[in-house]
2 protein chains.
Amino acid sequence: MADDDPLEDYEERVSPFVERFAADLTEAGMQRMASRVFACLLTSDDGALTSAELSERLQASPAAISGAVRYLSQVGMVSRQRDPGSRRERYQLHHDVWYTTLLNRDQVLNRWLVTLNAGAEAIGTDTPGGRRVRESAEFLEFMRKGLEDLLKRWQSRPP
Amino acid sequence: MADDDPLEDYEERVSPFVERFAADLTEAGMQRMASRVFACLLTSDDGALTSAELSERLQASPAAISGAVRYLSQVGMVSRQRDPGSRRERYQLHHDVWYTTLLNRDQVLNRWLVTLNAGAEAIGTDTPGGRRVRESAEFLEFMRKGLEDLLKRWQSRPP
DNA sequence: CGCTCATTTCACAAATTTGTGAAGTTAAGG
DNA sequence: CCTTAACTTCACAAATTTGTGAAATGAGCG
């Protein structure tokens, strides 16, 4: 039998998932509150909630929500919208959050590649260490390109 | 003109790369000292150094090195070897560090998938939130599989 | 033009992470 | 066995991160 009270329903069925998935994300390096906010948005009807709603569901202060959203906004996972004629803000998951997030991953890889290639140069590829650094760059470039292709393939996948 | 003193050479040419790449890794979520140790090993002749060598190059205490190596060993990036007849231990980068590290990444993705699929079930795919969670899992499964294929392709690449 | 409410910023306390020196452990070498 | 070198563990101090309440900001509404 389904539960009719939305908040109670959240606590019983949704919250366990939110907290567990947030833990997964945190373990992988994301800030704790940002992980919780992201996971919570993921489970919402429109992929969007107000600060007050997040605050209630996550039992966290508005300040904490604000900080988390600022971070998620900076890394392009969430956009802030204003219901016209309201002073409430809605924090909306980017439509293709996962897709765009992995695109960002690609950029991170690119920074690594710059560092590695410059490093190989500085150390000198006439040394074993320099060569290992160069080979690392080659492997990561292979993966970066592959990731890029994968993302393209996802975009043009049959519906 | 090349520098003949190994340590001086390290400080001038190698250390800047080690510190910068370690910073890249740390930013991506790896422990700071573990990042430094990993980057340092990457630049070494054999991909292996003793605790004393790491300690000197990184200007860190043996205790810090020990902790970092324990972590790197746990996540399978470094193996500890014993030169027979010596009481020194060598911390050796796994031959295909990058490859195996990305394989681990695959495992992380798998954990996420378990969480997401269980979550979709619990929330109910008759709700928008549940569906969004399910779709997240589908996307990540696509990427996981693609990553797996990519790694296979790397292994069987022409030399 | 204020008034008011939603959000942000700030200062701070709590919790966590990080690295160190010192003591402890283990194993090679006499 | 006993010494000693090499690493690990432990207890703690420093630094960083995290989240809170309270004050400040600013956008809509009258």
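Each chain gets a letter, A, B and so on, in the order its sequence line appears, and its residues count up from 1.
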A:L151 side, atom CG; A:R105 side, atom CZ - distance, nearest 0.5 Å
12.5 Å

Nearest-Å distance, CE (B:M30) to P (C:dT17)?
17 Å

Just how far, in rounded Å, is P of D:dC7 from CD of B:E53?
10 Å

Find the distance B:Q31:CD to C:dT16:C1' and express it as a whole number of Å.
12 Å

Between A:W112 and B:F17, is the gap from one ring center to the other below 6.0 Å?
no

Indicate whether any N or O donor in one side chain lies under 3.5 Å from an N or O acceptor in the other, for B:T125 and B:R131.
no

Expected list for residues 58-79 of chain A near DNA chain C, using heavy atoms below 4.0 Å, is A:P62, A:A63, A:S66, A:R70

Could you state the CZ-C1' distance from A:R82 to D:dC29, rounded to the nearest angstrom?
13 Å

Examine C:dA27: is either OP1 or OP2 under 4.0 Å from a nitrogen or oxygen in the side chain of B:R87? Give yes or no.
no

Could you state the CG-C1' distance from A:L54 to C:dT7, rounded to the nearest angstrom?
13 Å

Spell out, as yes or no, whether a donor-acceptor pair under 3.5 Å connects the side chain of B:R36 to the backbone of B:L58.
yes

Taking only side-chain nitrogens and oxygens of A:Y91, does any of them come within less than 4.0 Å of OP1 or OP2 of C:dT8?
yes

For A:R80, report the nucleic acid contact type (base, sugar-phosphate, nothing); a contact means any heavy atom under 4.0 Å.
sugar-phosphate

Whole angstrom value for the distance that separates P of C:dA14 from CZ of A:R32
16 Å

Taking atom P of C:dA28 as reference, at what distance in whole Å does atom CD of B:E89 sit?
11 Å

With heavy-atom distances below 4.5 Å as the criterion, would you say the side chains of B:L102 and B:W154 are in contact?
no

Taking A:T50's backbone N and O only, do any of them form a donor-acceptor pair with A:E53's side chain (distance below 3.5 Å, no angle check)?
yes

Phosphate OP1/OP2 of D:dA5 contacted by B:R88 side-chain N/O (<4.0 Å)
no

Report yes if some heavy atom in the side chain of B:L54 is under 4.5 Å from a heavy atom in the side chain of B:C40; otherwise report no.
yes

